[in-house]
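Written out below as structure tokens is the structure these notes cover.
Note that the numbering runs from 1 along the sequence shown for the chain.
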Amino acid sequence: MSETLGRVERPAAESFIARRKLYLVFLVFTHESAPQEYKDRCDKYWRQVGEQLANLESKAGAATHVYHESVSEQGEAGLALLKRLHRFSHELVQTRCANGAVLEAMEDAELVAEVSDWERFMMMGYSSSKVGELVRDLYTQALKKRNGHVLSVIDTTLGPGESGLLLVGEGHRLQFPSDIEVFSVVPPALDELHRWLRDQAAQRSEKDETSDASAAAPDAAPEDEPEPVDVRNGEES
């Protein structure tokens with residue numbers, strides 16, 4: 001069962017205190033060359049995530065285990081890796097580790113690398129449909145193994161009544177054990193970020209269509225020159 005915070009309906013988190021709980025946060029990335037408007041929205045998103053997560057923990061229990069996408073090292077080594085990968089989530093995780101939570105080695109580094117390699121192959125495109133189908137099958141197999149490993153780590157480390165924090169991409173395909181109550185922390189800023197990205201994509205598409213239309217338009221045909229008029233009697237000569 002998955003509950004969502006940040007929407008209109010909020011679950012009674014206190015009622016799940018005795019169950020295993022997983023607080024799900026979606027990763028939002030930025031980079032130095034990103035537009036300032038995007039950076040501002042990312043800042044707002046992570047600020048709201050921190051606020052809502054703290055509120056949830058105060059009701060359902062503080063996270064004692066932390067799981068982060070792409071992190072294959074535990075404890076301090078994992079924090080050092082995370083600091084290089086993602087500033088925002090590092091701050092979120094470091095705060096909880098300082099309060100006693102454990103950053104778990106959620107990933108298998110080799111499986112992460114394999115999935116990443118197959119994703120790059122898929123983005124290249126293929127002349128042969130047979131090759132494309134083969135690559136997709138191998139990617140699916142690798143992703144299944146990776147997800148199986150992640151779920152196994154969560155299932156074996158998250159004890160009865162404990163709470164965990166999981167940070168993953170929105171497109172994850174994880175199917176959690178039925179005895180784990182999953183809370184998706186989705187603040188309003190995420191919807192705002194999605195709308196902004198859609199608007200930017202629509203503007204680029206409109207601009208491209210306008211440019212294509214201009215390039216495809218034929219040159220205007222020159223107007224026919226008027227026949228000379230005999231001004232002496234007002235008749236065309």
Checklist entry - Can you list the steps and then say if T157 with V102 is a side chain to side chain contact (heavy atoms under 4.5 Å, CB included)? => result CA-CA 10 Å; T157 56; V102 177; over 6 Å; no
Checklist entry - Between D40 and Q36, does a side-chain hydrogen bond (donor to acceptor under 3.5 Å, both in side chains) hold up when you go through it step by step? => result CA-CA 6 Å; D40 292 343; Q36 189 59 47; 2.8 Å; yes
Item to check | Verdict with reasoning, Y67 to L158, per side chain to side chain contact (heavy atoms under 4.5 Å, CB included) | outcome: CA-CA 10 Å; Y67 312 93; L158 190 63; 3.7 Å; yes
Item to check | side chain to side chain contact (heavy atoms under 4.5 Å, CB included) between V71 and M106, worked out | outcome: CA-CA 6 Å; V71 173; M106 185 180 83; 5.9 Å; no
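S128 places a side-chain N or O within 3.5 Å of a backbone atom of K130 that can act as its donor or acceptor partner. A donor-acceptor distance shorter than 3.5 angstrom exists from the side chain of Y126 to the backbone of F121, with no hydrogens or angles considered. A donor-acceptor pair under 3.5 Å is formed between the side chain of E57 and the backbone N or O of A63.
Side-chain contact, E51 with N55: no donor N or O sits under 3.5 Å from an acceptor N or O. E170 and H194 share a donor-acceptor pair across their side chains, judged by distance under 3.5 Å alone.
Smallest separation of non-hydrogen atoms from R19 and S178: NH2-O, 3.4 Å. Here the closest non-hydrogen pair linking G159 and E162 is N-OE1, 2.6 Å. Among all heavy-atom pairs drawn from S72 and A105, the shortest one is O-CB, 3.5 Å.
Side-chain contact between H172 and L24 is present, with at least one heavy-atom pair separated by less than 4.5 Å. At least one side-chain heavy atom of D43 sits under 4.5 Å from a side-chain heavy atom of F88. Taking the side chain as every heavy atom from C-beta outward, V25 and Y45 approach each other to under 4.5 Å. No side-chain heavy atom of E69 sits under 4.5 Å from any side-chain heavy atom of S89. Between P188 and Q48, some side-chain heavy-atom pair lies under the 4.5 Å cut-off. Taking the side chain as every heavy atom from C-beta outward, L197 and Y38 approach each other to under 4.5 Å. In this structure, L92 and W46 have side chains that are in contact, with non-hydrogen atoms separated by less than 4.5 Å.
Residue-environment remark: CD (E133) stays at or below the threshold of 12 foreign heavy atoms within 6.0 Å. Around the NZ atom of K83, the shell of radius 6.0 Å holds no more than 12 heavy atoms that belong to other residues, nucleotides or ligands.
Judged as a side chain to side chain donor-acceptor pair (under 3.5 Å), the pairs with a partner in residues 141-152 (not counting sequence neighbours) are, in order, E107-R146.
The line from CG of L138 to CE of M122 is 10.5 Å long, rounded to the nearest 0.5 Å. Here NE2 of H65 is found 11.5 Å from CG of L103. Values are rounded to the nearest 0.5 Å. The line from CD of E104 to CG of L166 is 12.0 Å long, rounded to the nearest 0.5 Å. For the atom pair NZ (K21) and NZ (K59), the distance works out to 14.5 Å, reported to the nearest 0.5 Å. Distance check: L81 CG to E76 CD gives 12.5 Å after rounding to the nearest 0.5 Å. The CZ atom of F183 lies 10.0 Å from the CG atom of L22; values are rounded to the nearest 0.5 Å.
Ring pair H68/H86 is perpendicular by interplanar angle, where above 60° counts as perpendicular and below 30° as parallel.
Note: the hydrophobic cluster containing F176 also contains L165 (ILVMFWY, side chain heavy atoms under 4.5 Å, direct or indirect links). Y23 and L151 fall within the same hydrophobic cluster, where Ile, Leu, Val, Met, Phe, Trp and Tyr residues are linked whenever their side-chain heavy atoms come under 4.5 Å apart, directly or through other members. Tracing side-chain contacts under 4.5 Å through hydrophobic residues (I, L, V, M, F, W, Y), one never reaches M123 starting from F29; they form parts of separate clusters. Residue I154 is grouped with residue L27 when hydrophobic side chains (ILVMFWY) are merged at heavy-atom distances under 4.5 angstrom, including chains of intermediate members.
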Could you list the donor-acceptor pairs under 3.5 angstrom formed by side chains in residues 110-119, with sequence neighbours left out?
residue : atom : partner : partner atom : Å
S116    : OG   : R120    : NH1          : 3.1
D117    : OD1  : R120    : NH2          : 2.2

